[in-house]
Protein chains: 2
Amino acid sequence: MTENPRRAPTGAAVLRPQITSAISEAVLEELAERGYARLSMEAVARRAGVGKSALYRRWPSKQDMVLAVLAEFSVSPEEVPATGSLRADLLVMVRSVHGWLTHPLFATILPDLTAEAVRNPVLAAAIRAAIGEPRRGLAARVLRRAVARGELPADLDVDLALDLLAAPVYWRLSVRHAPVEPDYLERLVELILRALDARPAPGGGSPG
Amino acid sequence: MTENPRRAPTGAAVLRPQITSAISEAVLEELAERGYARLSMEAVARRAGVGKSALYRRWPSKQDMVLAVLAEFSVSPEEVPATGSLRADLLVMVRSVHGWLTHPLFATILPDLTAEAVRNPVLAAAIRAAIGEPRRGLAARVLRRAVARGELPADLDVDLALDLLAAPVYWRLSVRHAPVEPDYLERLVELILRALDARPAPGGGSPG
DNA sequence: TCGGGACGATACGGTACCGTCCCATCCATG
DNA sequence: CATGGATGGGACGGTACCGTATCGTCCCGA
């Protein structure tokens with residue numbers, strides 16, 4: 001029953017969202033250009049065209065600021081592809097990963113945060129929650145649906161299969177920095193289908 | 001025919017190798033603990049127990065110092081596994097990768113340098129030359145030998161196959177930071193064998 | 001025997017950020 | 001139309017490195 005003796009702030013005395021989003025954008029750009037380790041509060045403020053005070057008024061530290069921005073850009077609960085065929089579903093997904101990893105900002109930010117996460121458990125957890133788990137959950141649903149349709153064996157090792165799905169594209173783009181030729185993703189999907197022992201689809205031909 | 005008017009430095013007036021290796025070790029440890037971006041010459045000197053001058057006497061910059069250390073630790077022209085069977089060869093190789101990526105120093109350094117390489121082409125080239133190409137060349141020889149033995153189809157997509165071989169282990173250990181259960185590597189090799197359409201081995205039964 | 005450059009140590013001026021603090025200004029709302 | 005906290009700007013002292021320079025010491029090999 002403690003009545004607040006102070007009236008709530010109103011008017012201009014309230015955090016302005018457009019300032020917040022200008023900061024977010026600046027953080028992403030600085031992350032891409034300089035990386036997490038070199039990112040400085042002063043540079044972010046400079047780039048966003050705001051005072052340092054605007055930053056410290058919102059977050060107590062660089063880590064909290066980056067975490068907030070990261071949460072903002074978490075992978076949306078994107079719809080599970082429902083093309084009806086496993087092959088097409090997989091293609092949609094690897095193309096989505098490819099899209100992420102060729103985005104001018106994220107292509108640089110993701111490897112950087114990944115490296116930083118080794119030393120920073122809080123950051124690691126945030127990345128997992130914002131990006132890793134949503135994507136992985138989505139892919140898992142696609143695989144389980146294919147099992148239900150009889151396109152994949154019932155004893156499918158989902159955990160291993162998920163690794164196989166995301167790893168090669170990340171490896172090629174973000175680690176090796178090698179080009180992805182136009183048909184690379186199609187060929188990859190064919191290999192994965194074979195690795196997972198996928199059967200055509202509906203009728204259920206019984207394999208040897 | 002210009003005779004050197006100055007006699008060559010001898011005795012104690014020569015770079016002492018044990019100092020150089022103390023620095024190398026310190027660089028690796030600093031890289032692991034703080035990362036390339038945060039690595040400072042002063043911290044390296046401090047940790048190695050040498051003066052800053054010892055560093056600058058050897059290399060003009062942090063980048064050159066790291067490149068030199070990196071070249072020192074380049075992957076040795078390790079022998080190609082020759083177990084006779086593709087399955088066993090692959091197992092040797094994924095276990096080797098697993099060993100690298102669980103090494104206390106390299107497990108942290110590699111993702112860090114990988115991220116830095118996005119912004120630093122010189123570093124990227126050095127990594128490729130010291131680590132990427134040797135490993136990839138070795139794996140390629142193993143695959144081509146298996147083709148010659150008839151264990152793999154003649155039209156094997158070697159480039160894609162190599163991605164499939166290294167990517168999942170890196171993905172799981174260095175990106176997802178997920179544990180690798182005892183039999184994970186075996187299960188992975190089975191999946192890869194199926195993906196590559198591997199046939200048993202010697203006799204050469206002709207498939208469909 | 002002794003020359004000469006590496007060695008550790010440290011001082012140097014300079015730059016970049018940190019996080020705090022203070023300011024005059026602004027402004028939507030109660 | 002008064003309010004009260006956000007706003008950009010920037011001063012502040014403090015820390016950490018940079019890369020250079022200058023010591024006196026050390027010691028192997030010519």
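Just so we're on the same page: letters track the sequence lines, and every chain starts at 1.
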**OP:** Could you please spell out the steps behind the salt bridge (charged side-chain N to carboxylate O under 4.0 Å, His left out) verdict for Arg172(A) and Asp159(B)?
**Re:** CA-CA 10 Å; Arg172(A) 177 162 275 256; Asp159(B) 196 47; 2.3 Å; yes

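Within residues 21-29 of chain A, no residue is approached by DNA chain C to less than 4.0 Å at the level of any non-hydrogen atom.
Of the charged side-chain nitrogens involved, at least one lies within less than 4.0 Å of a carboxylate oxygen, so that Glu186(A) and Arg95(A) count as a salt-bridged pair. Using a 4.0 Å cut-off between a side-chain N of Lys or Arg and a carboxylate O of Asp or Glu, Arg145(A) and Asp89(A) qualify as a salt bridge. The residues Asp112(A) and Arg34(A) are annotated as not salt-bridged, no charged nitrogen and carboxylate oxygen being separated by less than 4.0 angstrom. For Glu30(B) and Lys62(B), the salt-bridge test fails: no basic side-chain N is under 4.0 Å from an acidic carboxylate O.
When the nucleotides dG19(D), dG8(D), dC7(C) are ranked by their closest atom to the side chain of Tyr56(B), dG19(D) comes out on top. Side-chain proximity of Arg16(B) to the nucleotides dC7(C), dA9(C), dG8(D) is greatest for dC7(C).
Put simply, NZ on Lys62(B) is 16 Å from P on dT20(D), counting in whole angstrom units. In this entry the distance linking CG of Leu55(A) with P of dG9(D) reads 13 Å, nearest Å. Here dG8(C) presents its P atom at 7 Å from CZ of Arg57(B), a figure rounded to the nearest Å. Taking atom CD1 on Ile19(B) and atom C1' on dC26(D), their separation rounds to 12 Å, with Å as the unit.
Side chain to side chain, Thr108(B) and Arg119(A) fail the donor-acceptor criterion of an N or O pair below 3.5 Å. Between the side chains of Ser85(A) and Arg149(A), not a single donor N or O lies within less than 3.5 Å of an accepting N or O.
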Please tabulate the protein-to-nucleotide N/O contacts below 3.5 Å involving nucleotides 15-17 of chain D, giving atom names and distances.
| residue | atom | partner | partner atom | Å |
| --- | --- | --- | --- | --- |
| dC17(D) | OP2 | Arg46(B) | NH2 | 3.4 |

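Using the six-membered ring where Trp is involved, Trp100(A) and Phe106(A) have ring planes that are parallel, under 30° apart on the 30 and 60° scheme.
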